[in-house]
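Structure record follows, encoded as structure tokens.
Treat the numbers as computed from the prediction; the structure is a model and nothing was measured. Just so you know, ligand 1 is whichever comes first in the structure, and atom 1 is the first atom listed for that ligand.
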Amino acid sequence: MKIGLIGCGNIGKFLLQSLNCDGFLPDSRIETVYMRKKQSFKELSERYGSHFCDDFGDFLQSDIDLVIEAATIQAVRLYARTVIEHGKDLLIISVGALADNGLFKQLKQLSELKGNKIHLPSGAIGGLDVLKATQLTGQLESVTITTRKPAASLTDKAVDNELTLFDGPAFEAIRQFPKNINVSIILSLAGLGAEKTKVRIIADSNVTKNIHCIEATGPFGKFNLNIENNPMPNNPKTSYLAGLSILSTLKCRHEALEIG
Ligand SMILES: NC(=O)C1=CN([C@@H]2O[C@H](COP(=O)(O)OP(=O)(O)OC[C@H]3O[C@@H](n4cnc5c(N)ncnc54)[C@H](OP(=O)(O)O)[C@@H]3O)[C@@H](O)[C@H]2O)C=CC1
Ligand SMILES: O=C([O-])CC(=O)C(=O)O
């Protein structure tokens, strides 16, 4: 699989290391990277062996089948449509962009029309299989996620113990915390939507992990998931699992046997 990557931050570099250097998926390689900081091109291309460019047209013209977005919600807004229009599959990790229902529908319709796939990895959480199964059969009544991160990842304010920064629906949570609560939108897409999915965001001066606690209820029963993620070394806001979930999505793309 020939991959194009948008964004070369924390997750982007993790993917370059995993695919191009460590060879975790032997048939997949990041061929081209689109990024804005031209001054790092030489060093990065020597380290990872990819072609780096700052012209999006050149990026799309390069020999790639799938584009991974690992940048920002704004980058999804800017580039996702064009990527699909050019007949490429697309993997989005800044999935909070899809809280915008108009954009979500547009990308879905466009990919159906072009015969391309859009992949939305589970990111820093799990349990989406449970939500999808129960939602499909009308068995899902409520979904809540409580996210607790080290205080400095969420706020500049001094926090003594813990401070609840947000308590409300997912669509508003991602508007206020676009770099910290993408998980609430993948949860919404799998379950009850961004208006009915409830979110609490807590800045905690006592934790070093990114902790997500999910609770779902309905006639099917009750589901609880508590995940304590180690953060990535260079961006404590982002959990290591988010990067791992992209690798897993890539691995499953063409497999004959599907688990979960
Ligand atoms: N779905 C999930 O569960 C999770 C999602 N995320 C999301 O994943 C994304 C990546 O995370 P992470 O790698 O940690 O973030 P980083 O901030 O480490 O890296 C993002 C990179 O994207 C680049 N970038 C920003 N805008 C653009 C653009 N328009 N075009 C090209 N490059 C751009 C930035 O470069 P520059 O220097 O040019 O600004 C930066 O290097 C974020 O949106 C984050 O919120 C993170 C964790 C979990
Ligand atoms: O990485 C995490 O734990 C969650 C996160 O930042 C996000 O959902 O945007």
What protein heavy atom sits nearest [atom], and how far away is it?
atom: atom 48 (C) of ligand 1; answer: A242 CB, 3.5 Å
atom: atom 7 (C) of ligand 1; answer: N182 ND2, 3.7 Å
atom: atom 19 (O) of ligand 1; answer: G9 CA, 3.3 Å
atom: atom 5 (C) of ligand 1; answer: I93 O, 3.3 Å
atom: atom 1 (O) of ligand 2; answer: S239 N, 2.8 Å

Go through ligand 2 atom by atom and flag the ones less than 4.0 Å from a non-hydrogen atom of [X].
X: H212; answer: 2 (C), 3 (O), 4 (C)
X: T238; answer: 1 (O)
X: A124; answer: 1 (O), 2 (C), 3 (O), 4 (C)

query: Taking non-hydrogen atoms only, is I181 closer than 4.0 angstrom to ligand 2 via side chain, backbone, both or neither?
result: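 Backbone only.
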task: Answer with side chain, backbone, both or neither: which part of K149 has a heavy atom less than 4.0 angstrom from an atom of ligand 2?
output: side chain
S94 versus T72, side-chain donor and acceptor atoms under 3.5 Å: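 No pair is found: no donor N or O on one side chain lies under 3.5 Å from an acceptor on the other.
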query: Do S50 and N20 have side-chain N/O donor and acceptor atoms under 3.5 Å apart?
result: yes
- prompt: Counting heavy atoms only, which of S40, A97, A71 comes nearest to atom 42 (C) of ligand 1?
  reply: A71
Residue selection (non-hydrogen contact nearest atom 26 (N) of ligand 1) among R36, K37, Q74: R36
- request: Examine V183 against ligand 2 and note whether any of their N/O atoms are separated by less than 3.5 Å.
  value: yes
- request: Check whether any N or O atom of N229, backbone or side chain, sits under 3.5 Å from an N or O atom of ligand 2, and answer yes or no.
  value: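 By distance alone, the answer is no.
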field: Residues that S40 engages under side-chain contact (heavy atoms from CB on, under 4.5 Å), provided they are two or more places apart
entry: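 Per chain and number, S40 pairs via side-chain contact (heavy atoms from CB on, under 4.5 Å) with M35, K37, L44.
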- prompt: Does D55 CG have over 12 foreign heavy atoms under 6.0 Å away?
  reply: yes
